[in-house]
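Below you'll find the structure, written out as structure tokens, and then a few comments.
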2 protein chains.
Amino acid sequence: MARAINFRQVPSPLKASCHQCSLSNLCLPLAIQDNDLDSLEDIVQQGRIYNRGEHIFDQSTPFRSCFAVKSGSVKTSIITEGGEEQVTGFFMPGELVGLDSMSGESYACTAKALERTSVCEFPVDKLEELTGKLPELQHHMYHLMSQEIQNSHQLAMLLSKNTAEERIASLLLSLSSRFQRRRMSPTNFSLPMARNDIANFLGLAVETVSRVFTRFQNQGIIKARGREVELLDIEALQMVTRDFSRQGCQQ
Amino acid sequence: MARAINFRQVPSPLKASCHQCSLSNLCLPLAIQDNDLDSLEDIVQQGRIYNRGEHIFDQSTPFRSCFAVKSGSVKTSIITEGGEEQVTGFFMPGELVGLDSMSGESYACTAKALERTSVCEFPVDKLEELTGKLPELQHHMYHLMSQEIQNSHQLAMLLSKNTAEERIASLLLSLSSRFQRRRMSPTNFSLPMARNDIANFLGLAVETVSRVFTRFQNQGIIKARGREVELLDIEALQMVTRDFSRQGCQQ
DNA sequence: GTAGCGATTTGACTTGCATCAATTTGGACG
DNA sequence: CGTCCAAATTGATGCAAGTCAAATCGCTAC
């Protein structure tokens, strides 16, 4: 590692190298100048690696840090007192988990690795200190949080207005574009999450998700075998999502 | 018409006085020391007064400012290309509108006054500058945005898991506690929004909202005449919202 | 006061999706 | 390679809430 000798930070976590990270154009480094990158590296900690199903944090964990997904993927969900789960998001490499928890003492949700996953950890006290010094980084944080609000509003819209088919088409397209951002195939990918998680996230029953998948498959729009998915006709998927308001909007 | 002559409101914005504002324990001033209050006053602008139905901004307005509701109330919604509306929130005095728009060039939603409403305007460039200098204010902004994400997740949960009755009970309780925070009656208040807005917000048909209101009324849980509402049995309402997982959770 | 019109309520009918039930598939592991 | 259990699929049935239609309420304006 380049700047090898750094101050012994007592907890002695490994320092991550943002300079060398392939996700630096997606993650927090995106926002800041090269010469400020060092100060970001000073506060980021190389997180550990989580196996599928392991919790990164849950609603009883005291809130300390946000986490950037480095590889793998993460599911966040709220668990109610009654034990019911509501999946609130899926996070892929380059995306930041924990922004919904920056109020209150504990995390506002539970984060679980969907597969073998590695993360970088940003302790919030240090992060807030740093964003106070770097206006572009502060701006970027506002940007990310605002985006998160918008995403959640979009989800609410999907849940309240759209049919099962529309919801699933939307999710597939969202995943597709997020794979594309990472320079991976937007049409051939493997779903990081189980049908159950998809169903929960989209407010559907598993059976419905399964049925829609096979319906799409019969229509030749997608090809799906288990978690492997191929989008055969992206335009058709977009058709499905657009509420064809032409005819909805009479006159 | 009553308010015939109103001040020619050229942009010439009046400075608002946070010192004298009765909402200073709810709004942004909440976060900062008395001696820093002046710097907040320096950037805040006394916004104009909006009549019922007037837009404060819409999705084509370039994003410049966040707005604190001073009196009255505001509805935010997303309008799709097809003209469909999804209400994303209701904002009451002391609450901050526009946090979802802090990314992108234009506002992410449309904000409309539900009644005669006055607001304070915080230009974001100045606000960001200030939060860079006042760590507590920055922290509070993160807090507010995070809260907004959580609210939205709660809404998503409500939409995907709860029945019509549960959704409406939740909304009534939310309004109740927000009135209470402002030291107004938590049991007698008048709804700022129409049935239609409630329906849209909660992902229901107007007819369903109406039916649930009368059902609650027949059960003696509430009394409602038009927009005037009296919560006769708050505990019963809380009962309705809790998904009585006792029996849901078999075994 | 009363005309006019949007908001609200009420009733009758329909439907998309949940639920229940029963297989089938597939990956982990001895 | 076969066992086992969770995940996924497929089919049959019921219901909560949507849709359509009509009546009533309650402003606002003249």
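In what follows, chains carry the letters A, B, and so on, assigned in the order in which the sequence lines appear, proteins first and then strands, with residues in each chain numbered from 1. All heavy atoms count here, side chains included; hydrogens, waters and symmetry mates do not.
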Spacing of A:Lys161 atom NZ relative to D:dT19 atom P, expressed in whole Å = 10 Å
Send over the distance from B:Leu159 CG to D:dA16 P, rounded to a whole Å.
-> 19 Å
Without swapping roles, check the side chain of B:Ser146 against the backbone of A:Ser103 for a donor-acceptor pair under 3.5 Å.
-> yes
Of B:Val206 and A:Ala205, whose closest DNA chain C nucleotide lies nearer the 5' terminus?
-> B:Val206
Who are the side-chain contact (heavy atoms from CB on, under 4.5 Å) partners of B:Cys27, not counting sequence neighbours?
-> B:Pro29, B:Ala68
Under the ring pair (Phe, Tyr, Trp, His ring centres under 6.0 Å) rule, what pairs show up with a residue in residues 155-197 of chain B, not counting sequence neighbours?
-> B:Phe179-B:Phe189
So which pairs with a foot in residues 72-93 of chain B pass ring pair (Phe, Tyr, Trp, His ring centres under 6.0 Å), sequence neighbours left out?
-> B:Phe90-B:Phe201
For residues 204-214 of chain B, which residue pairs qualify under salt bridge (Lys or Arg N to Asp or Glu O under 4.0 Å), counting only residues two or more places apart or in two chains?
-> none
From CG of B:Asn162 across to P of D:dA17 the rounded distance in Å is 10 Å
Which distance, rounded to the nearest 0.5 Å, do you find between the CD of B:Glu148 and the OG1 of B:Thr88?
-> 8.0 Å
Among pairs that include at least one residue of residues 106-122 of chain A, which meet side-chain hydrogen bond (donor to acceptor under 3.5 Å, both in side chains), considering only residues two or more places apart or in two chains?
-> A:Asn51-A:Arg116, A:Gln59-A:Thr110, A:Ser65-A:Glu121, A:Ser71-A:Ser118, A:Ser73-A:Glu115
Quick one: how far along DNA chain C does chain B reach, first to last nucleotide 5' to 3', anything under 4.0 Å to a heavy atom?
-> C:dT8 to C:dA12
Output all residues satisfying side-chain contact (heavy atoms from CB on, under 4.5 Å) with B:Leu173, sequence neighbours left out; order by chain, then residue number.
-> B:Ile234, B:Leu237, B:Gln238, B:Thr241
Consider the side chain of B:Glu207, meaning its heavy atoms from C-beta on, and name the nucleotide among D:dT19, D:dG18, D:dA8 that approaches it most closely.
-> D:dT19
Using the test side-chain hydrogen bond (donor to acceptor under 3.5 Å, both in side chains), find all partners of A:Glu85 that sit at least two apart in sequence or belong to another chain.
-> A:Lys75, A:Ser77
Residues in residues 209-229 of chain B with a heavy atom under 4.0 Å of DNA chain C, by number, are B:Ser210, B:Arg211, B:Thr214
Whole-Å distance between D:dG18 P and B:Glu165 CD?
-> 13 Å
For A:Arg181, check salt bridge (charged side-chain N to carboxylate O under 4.0 Å, His left out) against everything at least two apart and list the hits.
-> A:Glu95
Within this structure, what is the CZ-to-P distance between B:Arg195 and D:dA17, rounded to whole angstrom?
-> 18 Å
Rounding to the nearest 10°, end axes of the helix from C:dG1-D:dC30 to C:dG30-D:dC1 built from five pairs each make an angle of 50°
side-chain hydrogen bond (donor to acceptor under 3.5 Å, both in side chains) contacts touching residues 215-229 of chain A (sequence neighbours left out) | A:Glu165-A:Arg215
